[in-house]
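Report on one structure; see the data block that follows.
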Protein chains: 2
Amino acid sequence: MSAPTAPRVASCAVAVDVALLTVRNDRLQLLLVQPDAAALRGTWALPGRRVRDDEGLDDTAHRSLAELAGITAPEAHLEQLRTYGELTRDPRGRVVSVAYLALTPTPGDPPDTDRAQLFDVARLGTAEGPTLAYDHDRIVPDAIERARSKLEYSALATAFVEEPFTLGELRSIYEAVWGVALDPANFRRKVVSTPGFVEEAEGLAPPGPGGGRPAKRYRRGHARRLHPAMLRP
Amino acid sequence: MSAPTAPRVASCAVAVDVALLTVRNDRLQLLLVQPDAAALRGTWALPGRRVRDDEGLDDTAHRSLAELAGITAPEAHLEQLRTYGELTRDPRGRVVSVAYLALTPTPGDPPDTDRAQLFDVARLGTAEGPTLAYDHDRIVPDAIERARSKLEYSALATAFVEEPFTLGELRSIYEAVWGVALDPANFRRKVVSTPGFVEEAEGLAPPGPGGGRPAKRYRRGHARRLHPAMLRP
DNA sequence: TCCGGTTACAGTCAGCATGACCACAACCCG
DNA sequence: CGGGTTGTGGTCATGCTGACTGTAACCGGA
């Protein structure tokens, strides 16, 4: 944004990488795809595409999810995470990558193919977890920490569940993302006393397989920031 | 980060824009420069440069400050803010800009020239304030809000003052950035009880022109996050 | 039909952090 | 010396939180 007399030369390529998180079976999971490059066989990467000349960054993020994982979730939460511009982050040359964080209740089409898969976040970085390509082992922790952090001071947890939801379901989101157990009674008191977090809906939800009292249904409230915040234990 | 078979073509230009904030005379101020373009006469812009092929993003941020405002402050806090990629944000063509937030106690060389100047943040957006070029009227509010927000949960306020400092100086930073008055006694209790925020230094600071009891000196602590947070009133 | 198990919901209580004050200390200036 | 100013230490009431207890409402099996 300056040097207007500079010639219009190509300085470096721009790409978008998307870290899509979801909660399945009470576990936080991350979407990864297999790179096409033969040299990267056996590794996994975040779905990402080059930015086209006539395309906004958000559009590239949506296109990455659609083309590489078949996910078209227009209601999914999508926000920019950070831009990674290390000189050597891509062996093919200088590529600046704008990373995105995406949250969704259930990826539209279950992407459990051999090209796109959901991985337990708890297993990332361990021997059983996938090996990440490029510098994605730096992007992924940033994305997870952003999600964990934003659960504290924003109503983002509601982006992981479908409406209507119960407070038990919402609590299981917090427990899966944070990896801790929360007291049900205190969680309820906190959520319902935070203005605009959730709104009561009609009817009751049937109990789960183990029985239990039916729970009230709720919908997302209008608040985007939580006051006061829901702090991690 | 994908489509490895795609040719190495120029998709779009990449630039860095820096929003440098400082506190002078108890007022939060922002550094702006005059664009070279004749069509933008009378407007002001964030200092920014194109990213070179062999240059990291952080390096471009430092170079922008040095070349356009003569500021070489290696100890200044510098962090990435967000990347702006709107198709029409630059009339000269598609330019993706990685915005940075910089905080410094005193800009190395006082940049009060006709090309670079500090503006009161309170006046931005008003009739007396400068007219901003490009989409910088979108970047600047994001930068200010980031700074205000990070004062809450990080020890970033210490980046605005030089060591050693008094708690009165640190409090004036909070008051200038947030635009509110804080109770001196409660502020002190909060700061000294937050582990790692500040550490006591040697000696006392002389009182200001109006007199007053000498204040203890402090240095930055080792903590980067504040637990619990210092919330805005 | 009763009974244990499970989940949802409601309430109590102590501890901690906070905001609103008050009091004193230590300097400057006139 | 005495008022003004700033720094520092304290009290007190309030509100949020974690830990905990108790009741409601459902399931499944004996």
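We name chains A, B, ... by the order of the sequence lines, and we start the count at 1 in each one.
The salt bridge (charged side-chain N to carboxylate O under 4.0 Å, His left out) analysis of residues 210-219 of chain B, with sequence neighbours excluded, yields the pairs E200(B)-K216(B). A side chain to side chain donor-acceptor pair (under 3.5 Å) check over residues 137-155 of chain B, counting only residues at least two apart or in different chains, returns the pairs E79(B)-R146(B), E79(B)-K150(B), Y84(B)-D142(B), E145(B)-R232(B), E152(B)-R232(B).
By the side-chain contact (heavy atoms from CB on, under 4.5 Å) test, A61(A) is found to be paired with V16(A), V18(A), L78(A), Y100(A), residues two or more places apart in sequence or in another chain being considered. For the side-chain contact (heavy atoms from CB on, under 4.5 Å) test, residues two or more places apart in sequence or in another chain that qualify with A133(A) are P35(A), L40(A), T43(A), A45(A). With sequence neighbours left out, the salt bridge (Lys or Arg N to Asp or Glu O under 4.0 Å) criterion links R63(B) to E55(B), E67(B). Among residues two or more places apart in sequence or in another chain, the side-chain contact (heavy atoms from CB on, under 4.5 Å) test is passed with T194(B) by K190(B), F197(B), L226(B). Under the side-chain contact (heavy atoms from CB on, under 4.5 Å) criterion, D120(B) pairs with R27(B), Q29(B), R123(B), not counting sequence neighbours.
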Task: Chi angles and distances behind the side chain to side chain contact (heavy atoms under 4.5 Å, CB included) call for I139(B), R82(B) - done: CA-CA 8 Å; I139(B) 301 178; R82(B) 191 185 137 77; over 6 Å; no
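Ring-plane geometry between Y174(A) and W178(A) is classed as perpendicular, the angle between the planes exceeding 60 degrees on a 0 to 90 degree scale with a lower cut at 30.
Of the residues in residues 182-202 of chain B, D183(B), A185(B), N186(B), R189(B), K190(B) come within less than 4.0 Å of DNA chain C through at least one heavy atom, sorted by number. A heavy-atom distance below 4.0 Å to DNA chain C is reached by these residues of residues 215-223 of chain A, ordered by number: A215(A), K216(A). Near DNA chain C, meaning a heavy atom under 4.0 Å from it, residues 161-178 of chain B has no residue at all.
Annotation: of the two residues near DNA chain C, P233(B) and P214(B), the 5′-most nearest-nucleotide partner is P233(B).
At a threshold of 4.0 angstrom between heavy atoms, the contacts of A205(B) with the nucleic acid are absent.
Closest non-hydrogen pair, R89(A) versus D135(A), comes out as NE-OD2, 2.8 Å.
Interface limits on DNA chain D: the 5'-most and 3'-most nucleotides within less than 4.0 Å of chain A heavy atoms are dT17(D) to dC27(D). Reading DNA chain C from its 5' end, the first and the last nucleotide to sit under 4.0 Å from a heavy atom of chain A are dG5(C) to dT12(C).
A 4.5 Å side-chain heavy-atom check between L65(A) and L31(A) finds at least one atom pair inside the cut-off. Between D26(B) and E175(B) the shortest side-chain heavy-atom distance does not fall below 4.5 Å. Using a 4.5 Å heavy-atom threshold, the side chains of H77(A) and F160(A) count as separate.
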